[in-house]
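A, B, ... follow the sequence lines: proteins, then strands. Residue 1 opens every chain.
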Number of protein chains: 2
Amino acid sequence: MKTYREENYLKAVYQLANHDKSKTVSPTDIANWLEVKPPTVLEKLAILVKKGYVTYNKFDGARLTTTGKDIALNIVRRHRIWETYLYKELKFSWSEVHEIAEQLEHINSDKLIDRIYDVIGNPDFDPHGDPIPNKQGKLPKSDRRPLSQSIKGCKCVVLGVSEHSEVFLNYLTELKIGLNDKLIVEQINAYDDSLKLSTKTKEHILMSAKAAQQILVQCIKPNCACK
Amino acid sequence: MKTYREENYLKAVYQLANHDKSKTVSPTDIANWLEVKPPTVLEKLAILVKKGYVTYNKFDGARLTTTGKDIALNIVRRHRIWETYLYKELKFSWSEVHEIAEQLEHINSDKLIDRIYDVIGNPDFDPHGDPIPNKQGKLPKSDRRPLSQSIKGCKCVVLGVSEHSEVFLNYLTELKIGLNDKLIVEQINAYDDSLKLSTKTKEHILMSAKAAQQILVQCIKPNCACK
DNA sequence: TAATAAAATTAGGTTAACCTAACTATTTAA
DNA sequence: TTAAATAGTTAGGTTAACCTAATTTTATTA
């Protein structure tokens with residue numbers, strides 16, 4: 001039996017591991033993420049280890065086993081499907097969908113998920129550009145990297161954002177930058193790495209390196225030297 | 001803070017009280033309904049009494065206070081809105097909606113409920129004909145009573161069912177009797193109280209008293225002597 | 001590298017929500 | 001009307017999920 005708490009612990013491990021792949025997932029990280037105290041996490045980790053969902057030791061931190069990852073990906077799937085549904089079908093805004101999806105993701109009905117996934121047209125990506133795992137837990141391929149890694153002259157398409165905060169999303173809306181928009185990097189300021197961009201609708205957009213790090217793009221300029 | 005368990009206890013008291021208004025709601029009734037043991041119920045009742053949601057004593061059983069009733073009716077509201085939504089928008093069948101709505105009713109987002117209530121067209125009744133309480137916990141008026149109380153010659157409109165089991169609903173579907181259908185009572189068998197009915201599409205339908213007790217109707221024959 | 005800070009861990013405690021077993025009070029029925 | 005059955009209650013126990021405080025490890029930095 002998987003309770004919603006157990007699901008949340010597994011999802012936390014998954015998300016923390018993916019957020020920074022170079023770092024191990026420590027009990028303290030999980031505790032901060034879930035807003036509980038480290039001893040609570042240790043206790044739960046022991047249970048998850050016993051159930052075969054994670055491995056844990058002080059040096060490698062917590063890692064999901066294959067089974068654990070399957071469960072985590074299924075919750076991520078449900079979350080992203082609900083977010084898309086709330087956004088597209090029920091006309092919720094960017095900033096509202098996450099919190100409600102956090103609750104809805106724990107509703108236990110495959111048929112319901114299948115049904116709403118059909119209604120939204122079986123997309124591969126949610127409205128943030130995040131990939132929706134399939135039923136087998138496989139993520140659709142997408143070659144995304146931060147806009148900040150672009151070089152001058154690069155032409156990219158916006159495929160997502162790595163920050164989901166309201167203030168950031170509103171900032172993008174103001175700049176009229178949205179999913180699937182094409183950006184041309186006109187200039188990169190060598191001093192602070194800020195960018196000058198142009199889009200179809202707007203030219204000479206100035207953007208800080210900080211913001212550019214949160215925008216995920218794919219280069220579509222043939223033979224571009226960008227990484 | 002209202003947990004989903006607390007919500008379920010209050011809903012149970014509400015439903016048991018409404019199911020048989022002449023009977024008090026005993027700890028054992030609640031225990032059977034929620035599939036827990038009586039001591040568990042007693043314990044929870046003490047908490048609910050302390051919180052001011054119910055009153056309890058051995059002789060009157062459990063009764064909801066005004067506050068408790070407001071909470072219970074809000075859950076009933078959410079449940080019936082979700083059932084209608086699942087049925088009408090997501091094309092779930094009669095027999096599937098209840099179980100999923102049992103989970104969805106605990107999702108805490110007034111905005112979500114408002115949104116889906118709008119989508120289904122702000123109806124007063126759910127697909128079982130059960131009234132949907134408004135936000136203030138007021139039930140829409142409906143004058144319903146069992147078909148079994150009809151007399152010969154009575155003409156009634158079907159406004160609901162008091163049994164929601166799959167087998168019963170399938171039986172009605174077979175007889176082509178649905179919500180808002182009109183029935184004429186041709187004959188009542190004095191021996192076993194079985195009825196002979198006719199509808200627009202079918203004549204001489206035989207129905208047991210048992211089934212007729214579960215169908216809720218309103219008489220639409222002017223000056224009918226039925227009760 | 002020794003002192004300090006931070007993280008991991010252990011020990012022990014709380015609360016909610018469940019349980020069984022035993023007992024008491026109330027009904028029901030012989 | 002008394003014995004048997006049923007319902008209500010109390011006592012005491014378990015587990016999950018949290019906690020704080022104290023201790024041990026590990027990492028950082030002066």
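- Under the side-chain contact (heavy atoms from CB on, under 4.5 Å) criterion, B:Asn189 pairs with B:Tyr191, B:Asp192, B:Ser194, not counting sequence neighbours.
- Residues satisfying the side-chain contact (heavy atoms from CB on, under 4.5 Å) test with B:Gln218, not counting sequence neighbours, are B:Asp143, B:Val157, B:Leu159.
- In this structure, B:Thr28 reaches the D:dG8 phosphate: one of its side-chain N or O atoms is under 4.0 Å from OP1 or OP2.
- Under the ring pair (Phe, Tyr, Trp, His ring centres under 6.0 Å) criterion, B:Tyr4 pairs with B:His106, not counting sequence neighbours.
- Atom CG in B:Leu45 sits about 15 Å away from atom C1' in D:dT10, given to the nearest Å.
- In this entry the distance linking NZ of A:Lys23 with P of C:dA6 reads 15 Å, nearest Å.
- Nucleotide D:dT6 holds its C1' atom 13 Å from the CG atom of B:Asp29, rounded to whole Å.
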Footprint string (nucleotides 16-21 of chain C, 5' to 3'): B base within contact, S backbone only, - free, heavy atoms under 4.0 Å:
-BBBBB
Residues 113-123 of chain A, side-chain donor-acceptor partners within the protein, below 3.5 Å, at least two apart:
residue, atom, partner, partner atom, Å
A:Asp114, OD1, A:Lys135, NZ, 3.4
A:Asp114, OD2, A:Lys135, NZ, 3.2
A:Arg115, NH1, B:Leu90, O, 2.7
A:Arg115, NH1, B:Lys91, O, 2.9
A:Tyr117, OH, A:Pro123, O, 2.7
A:Asp118, OD1, A:Asn122, ND2, 3.4

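- A heavy atom closer than 4.0 Å to some atom of DNA chain D occurs in no member of residues 10-22 of chain A.
- Ionic pairing of A:Glu102 and A:Lys11 is present here: one or more N-O contacts between side-chain nitrogen and carboxylate oxygen are shorter than 4.0 angstrom.
- Residues meeting the ring pair (Phe, Tyr, Trp, His ring centres under 6.0 Å) test with B:Tyr87, sequence neighbours left out: B:Trp94.
- Applying the ring pair (Phe, Tyr, Trp, His ring centres under 6.0 Å) rule to A:His164 yields the partners A:His128; only residues at least two apart in sequence or on another chain are considered.
- With sequence neighbours left out, A:Asn18 forms a side-chain contact (heavy atoms from CB on, under 4.5 Å) with A:Tyr14, A:Lys21.
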Look for any protein N or O under 3.5 Å of an N or O in nucleotides 22-25 of chain D and output each such pair with its distance, or none.
residue, atom, partner, partner atom, Å
D:dT25, O3', A:Lys58, NZ, 3.1

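- A search for side-chain hydrogen bond (donor to acceptor under 3.5 Å, both in side chains) contacts involving A:Arg80 returns nothing, not counting sequence neighbours.
- For the pair A:Trp82 (side chain) and A:Leu104 (backbone), a donor-acceptor distance under 3.5 Å is present.
- When the side-chain contact (heavy atoms from CB on, under 4.5 Å) test is applied to B:Ala17, the partners found at least two apart in sequence or on another chain are B:Val25.
- Atom CD1 in B:Ile30 sits roughly 11 Å away from atom P in D:dT9 (whole-Å rounding).
- What separates CG of A:Leu42 from C1' of C:dG12 is a distance of 15 Å, to the nearest Å.
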